[in-house]
Amino acid sequence: MGLSEAAITGGFWGTRQQVNAAATLAHCHHWLERAGWTGNFRHAVTGALPEARQGREFSDSEVYKLLEALVWEAARQTDADRKAELEAVCDQLSATVAAAQEADGYLNTQFGRHGQQPRYSDMEWGHELYCFGHLIQAGVAQLRTRGDGLVARTAIRAADHVCATFGADNPAICGHPEIEVALAELARATGEPRYLEQARLFVERRGHRTLADIEFGRQYYQDDVPVRDAEVLRGHAVRALYLAAGATDVAVETGDTELLAAIERQWEATVARRTYITGGMGAHHRDESFGEDFVLPADRAYAETCAGVASIMLSWRLLLATGKSQYADLMERTLYNVIAASTAEDGRSFFYTNTLHQRTAGTVPASDELIPRAESSLRAPWFAVSCCPTNVARTLAVLPAYLASTSADGIQIHQYAPARIEAEPVPGAGRVTLSLHTDYPYDGRIRVVVDTAAAPGQVWTLSMRVPDWVGSRTAWLVEPDGTRRTVRPGTVHVEHAFTSGDEIVLELPDSPRFVAPDPRLDAVRGCVAVERGPLVYCAESVDLPDDGDVAEILVDPQASPPRSDGHTVRVAAALVGHTDADWPFEPEDSAHSRQPTTLGGLTLVPYYTWANRGPATMRVWLPTI
């Protein structure tokens with residue numbers, strides 16, 4: 001659904017979109033200039049490269065992601081002055097980028113000039129096609145919102161260059177997938193079949209050991225097994241998810257049901273065995289990759305923010321391709337517990353990784369320095385590799401497009417927020433305007449009002465997702481005539497000749513609940529987590545007596561159920577004091593030297609809020625008494 005058809009009007013995500021527009025975009029722009037990554041394009045024009053170049057080989061892509069975010073944000077703005085301001089910034093930045101493009105469409109500040117490595121001389125690590133992919137996605141955003149513009153024209157010239165260079169006679173692929181999904185989207189936006197065919201070629205070439213072997217193995221960049229033969233997502237998490245998203249686009253656009261089934265199979269296996277409770281993906285710090293099945297250590301969770309963005313991209317495509325609500329469920333979990341957690345309340349600092357257990361409180365990062373890609377402790381203003389801030393910025397700017405979709409017989413609502421949706425539910429029936437009213441995720445009541453109906457007597461279907469977190473508890477749907485019926489996780493359909501003023505109400509049980517891990521998850525066996533609606537909760541040391549350590553917490557799930565306390569949750573818990581024993585192991589049948597002391601009620605906070613109150617230890621999975 002386009003940004004002209006859906007708008008978030010307030011609530012949880014409305015606040016985050018406002019912060020993104022008011023603070024994060026300008027913050028990203030400032031740091032791209034300060035770090036010299038935007039200046040690389042100017043240096044390319046003046047001939048100052050390679051000596052003057054700043055940043056990693058892929059830093060061009062961060063400028064492109066900011067351009068995409070600016071395009072989407074300008075498109076959703078209703079204030080004419082603000083819209084014009086954003087478009088002006090976008091046009092100025094676009095001009096800086098376009099000036100560095102070469103006559104044949106090639107554009108990269110790391111390769112190809114005097115004193116630099118030749119073009120495409122490092123397909124494993126050079127990221128040239130990856131950077132093109134993000135440029136093309138920014139161009140697609142402009143085609144879909146403004147119809148034309150300098151970003152779009154620059155992107156099309158780059159795509160033409162890619163097709164001319166990597167056609168049927170050149171078997172090369174990029175070490176970091178991204179070009180695949182970009183070319184497939186460009187084919188949709190322009191109707192040009194060459195782009196889709198090139199995307200298909202890149203997908204089919206993957207997995208034939210074209211790239212050099214490396215210390216992480218070829219699975220790191222998914223060149224070990226052909227896409228349609230793989231059973232699970234593996235290797236570098238962001239790479240794997242971007243590739244799967246591109247393969248899904250290719251499958252849908254070419255009618256390749258075998259390829260689509262393969263991606264569905266991989267998604268299901270990955271969610272069942274390689275995904276954190278937050279929706280985070282990637283258990284290895286060393287290579288930013290998925291772990292083996294059920295290897296999900298809480299304290300070593302990498303769960304890169306960019307992998308969260310890529311997961312949403314993949315799940316959205318599978319949702320549209322199949323209509324299965326499970327994909328929207330994972331999108332929701334990832335949005336609330338990875339994307340929402342990644343950015344500080346003021347929109348000016350970020351998590352790169354998203355651990356589930358912070359053992360040390362850490363220190364406040366410097367506000368004026370590039371921070372290495374560190375383990376999570378506190379959010380940092382910018383990183384030496386800052387792929388995540390711009391990725392979150394573009395995701396939040398386009399977020400209303402993920403709320404709903406349309407089909408031949410109606411409208412489907414996938415995500416819940418105060419919103420306005422305008423669409424044609426049935427061809428030729430006229431447009432319908434819906435408004436969503438809710439305090440989700442802190443209230444499970446979602447009210448949908450038909451503000452403007454279709455043609456009189458026109459029957460169409462409104463579909464709403466009943467989240468999987470409802471489980472076996474009872475959820476209710478109230479139809480326009482007042483009929484009240486129970487519904488189960490999945491999708492509920494209301495077929496009706498809607499008239500203006502009709503209301504549909506979905507009532508979801510929003511009390512907090514304990515969640516136990518699969519026993520094969522060795523790292524958290526004997527622990528429980530707490531969820532409320534789509535939110536995962538955590539304990540922070542700032543909520544313990546004397547600013548204690550979360551390592552001392554024991555909870556008692558049998559004492560009482562968790563209970564809501566505003567936006568926080570209270571659980572029955574105790575603290576275990578430490579001893580100075582010289583050996584940390586004891587016979588099982590001996591009296592244990594650590595005796596629990598009653599804590600009473602322990603306050604848990606939504607995971608997305610952790611580290612907002614300064615340095616702290618934190619854990620999601622809580623050991624039980």
- Is it true that Glu231 and Arg265 have a side-chain N and a carboxylate O under 4.0 angstrom from each other? yes
- Message: Assess the residue pair Leu107 and Arg157 against the criterion (side chain to side chain contact (heavy atoms under 4.5 Å, CB included)); give the C-alpha distance rounded to whole Å, side-chain angles, the decisive distance to 0.1 Å, and a yes or no.
- Response: CA-CA 9 Å; Leu107 177 56; Arg157 290 184 63 205; over 6 Å; no
- Spacing of CG belonging to Asn40 relative to OG belonging to Ser59, to within rounding of 0.5 Å: 5.0 Å
- Message: To the closest 0.5 Å, what do you measure between CG (Leu260) and OG1 (Thr248)?
- Response: 6.5 Å
- Note on the structure: side chain to side chain donor-acceptor pair (under 3.5 Å) filter on Trp13, not counting sequence neighbours, yields Tyr336
- Set of side chain to side chain contact (heavy atoms under 4.5 Å, CB included) partners for Ala307, sequence neighbours left out: Ala237, Val238, Leu241, Glu304
- Message: Assess whether a salt bridge exists between Asp249 and Arg317, defined as any Lys/Arg side-chain N lying under 4.0 Å from an Asp/Glu carboxylate O.
- Response: yes
- Query: Between Tyr220 and His236, how do the two ring planes meet: parallel, tilted or perpendicular, split at 30° and 60°?
  - Reply: perpendicular
- Is it true that Asp148 and Arg153 have a side-chain N and a carboxylate O under 4.0 angstrom from each other? yes
- Message: I'd like to know if the side chain of Asp299 reaches the main chain of His357, judged simply by a donor and an acceptor atom lying under 3.5 Å from each other, with no hydrogens or angles considered.
- Response: no
- Query: Looking at Phe216, does the NZ or CZ of Arg286 lie under 6.0 angstrom from its six-membered ring centre and within 45 degrees of the ring axis?
  - Reply: no
- Task: Look at Asp293 together with Arg234 and state whether they make a salt bridge at an N to O cut-off of under 4.0 Å.
- Result: no
- Over 60° means perpendicular and under 30° means parallel, so classify the ring planes of Phe383 and Tyr352, tilted if in between. perpendicular
- Only counting residues at least two apart or in another chain, list the ones meeting side chain to side chain contact (heavy atoms under 4.5 Å, CB included) with Gln77. Ala21, Glu73, Asp79, Arg82, Lys83, Leu86
- Query: Are any of the side-chain nitrogens in Arg194 or Asp160 under 4.0 Å away from the carboxylate oxygens of its partner?
  - Reply: yes
- Query: Of the non-hydrogen atoms in Arg76 and Ala397, which two are nearest, and what is the gap between them?
  - Reply: CD-O, 3.6 Å
- Would you check, one step at a time, whether the test side chain to side chain donor-acceptor pair (under 3.5 Å) holds for Thr165 with Asn170? CA-CA 7 Å; Thr165 306; Asn170 184 347; over 6 Å; no
- Report the distance from atom CD1 of Ile312 to atom CZ of Arg333, rounding to the nearest 0.5 Å. 13.0 Å
- Message: Could you go through Arg119 and Glu102, starting from their C-alpha distance and side-chain angles, then the distance that decides it, and tell me whether this counts as salt bridge (charged side-chain N to carboxylate O under 4.0 Å, His left out)?
- Response: CA-CA 12 Å; Arg119 296 178 181 182; Glu102 299 185 40; 3.0 Å; yes
- Message: Between Glu268 and Arg273 (salt bridge meaning N to carboxylate O under 4.0 Å), is one present in this structure?
- Response: no
- Item | Partners meeting side chain to side chain donor-acceptor pair (under 3.5 Å) with Arg465 (sequence neighbours left out) | Asp329, Glu332, Gln415
- Please name all residues satisfying ring pair (Phe, Tyr, Trp, His ring centres under 6.0 Å) with Tyr276, sequence neighbours left out, ordered by chain then number. none
- Please assess Asn20 against Leu399 for the test side chain to side chain contact (heavy atoms under 4.5 Å, CB included), listing each intermediate value before the final yes or no. CA-CA 11 Å; Asn20 190 54; Leu399 190 59; over 6 Å; no
- Query: Between Arg34 and Glu369, does a salt bridge (charged side-chain N to carboxylate O under 4.0 Å, His left out) hold up when you go through it step by step?
  - Reply: CA-CA 10 Å; Arg34 178 172 181 161; Glu369 296 179 9; over 6 Å; no
- Item | Any donor-acceptor N/O pair, Arg228 side chain to Ile263 backbone, under 3.5 Å | no
- Message: Nearest 0.5 Å, please: how far is CG in Leu186 from OH in Tyr195?
- Response: 5.5 Å
- Query: Ala523 and Leu296: which non-hydrogen atoms are nearest, and at how many Å?
  - Reply: CB-O, 4.1 Å
- Item | Criterion side chain to side chain donor-acceptor pair (under 3.5 Å) on Tyr106 and Glu128, from CA distance to verdict | CA-CA 9 Å; Tyr106 182 82; Glu128 287 158 282; 2.6 Å; yes
Which pairs would a plain distance check flag for residues 22-30, meaning a side-chain donor or acceptor within less than 3.5 Å of a matching protein atom at least two apart in sequence or in another chain?
| from | atom 1 | to | atom 2 | distance (Å) |
| --- | --- | --- | --- | --- |
| Thr24 | OG1 | Gly347 | O | 2.8 |
| His27 | NE2 | Arg348 | O | 3.2 |
| His27 | NE2 | Pro381 | O | 2.9 |

- Message: I'd like to check the side chain to side chain donor-acceptor pair (under 3.5 Å) partners of Gln198; sequence neighbours left out, ordered by chain and number.
- Response: none
- Message: Gln101 vs Phe41, test: side chain to side chain contact (heavy atoms under 4.5 Å, CB included). Steps then yes/no.
- Response: CA-CA 9 Å; Gln101 190 167 33; Phe41 294 93; over 6 Å; no
- Item | Heavy-atom closest contact (Ser311 atom, Thr334 atom, distance) | OG-OG1, 4.1 Å
- Residue from Phe132, Phe58, Tyr64 passing ring pair (Phe, Tyr, Trp, His ring centres under 6.0 Å) with His127: Phe58
- Query: When rounded to the nearest 0.5 angstrom, what is the spacing between CG in Leu233 and CG in Leu314?
  - Reply: 7.0 Å
- Name all residues meeting the side chain to side chain donor-acceptor pair (under 3.5 Å) criterion together with Arg146; count only those two or more places apart in sequence or in a different chain, and write none if there are none. Asp91
- Task: Compare every heavy atom of Pro171 with every heavy atom of Asp169, then report the nearest pair and how far apart it is.
- Result: O-CD, 3.8 Å
- Query: How far apart are the C-alpha atoms of Trp267 and Ser315, what are their side-chain angles, what is the distance that settles it, and do they pass the side chain to side chain donor-acceptor pair (under 3.5 Å) test?
  - Reply: CA-CA 8 Å; Trp267 183 96; Ser315 292; 3.1 Å; yes
- Is it true that a side-chain atom of Arg206 and a backbone atom of Tyr221 form a donor plus acceptor pair closer than 3.5 Å? yes
- Partners meeting side chain to side chain contact (heavy atoms under 4.5 Å, CB included) with Asp122 (sequence neighbours left out): Phe111, Gln117, Glu124, Trp125
- Query: Residues in ring pair (Phe, Tyr, Trp, His ring centres under 6.0 Å) with Phe294, at least two apart?
  - Reply: none
- Message: Between the side chains of Glu62 and Lys65, is the shortest nitrogen-to-carboxylate-oxygen separation below 4.0 Å, so that they form an ion pair?
- Response: yes
- Query: Got a sec, which residues hit ring pair (Phe, Tyr, Trp, His ring centres under 6.0 Å) with Tyr402, two or more places apart in sequence or on another chain?
  - Reply: Trp316
Only pairs under 3.5 Å count here: list side-chain donor-acceptor contacts from residues 92-99, not counting sequence neighbours, and write none if there are none.
| from | atom 1 | to | atom 2 | distance (Å) |
| --- | --- | --- | --- | --- |
| Ser94 | OG | Cys90 | O | 2.6 |
| Thr96 | OG1 | Gln92 | O | 3.3 |

- Task: Apply side chain to side chain donor-acceptor pair (under 3.5 Å) to Gln222 and Arg239, showing your working.
- Result: CA-CA 8 Å; Gln222 297 76 48; Arg239 285 168 163 85; 5.6 Å; no
- Message: Could you check whether Glu180 pairs with Arg200 (Lys NZ or Arg NE/NH1/NH2 to Asp/Glu carboxylate O, under 4.0 Å)?
- Response: no
- Query: Between OG1 of Thr322 and CD of Glu264, what distance do you get to the nearest 0.5 Å?
  - Reply: 5.0 Å
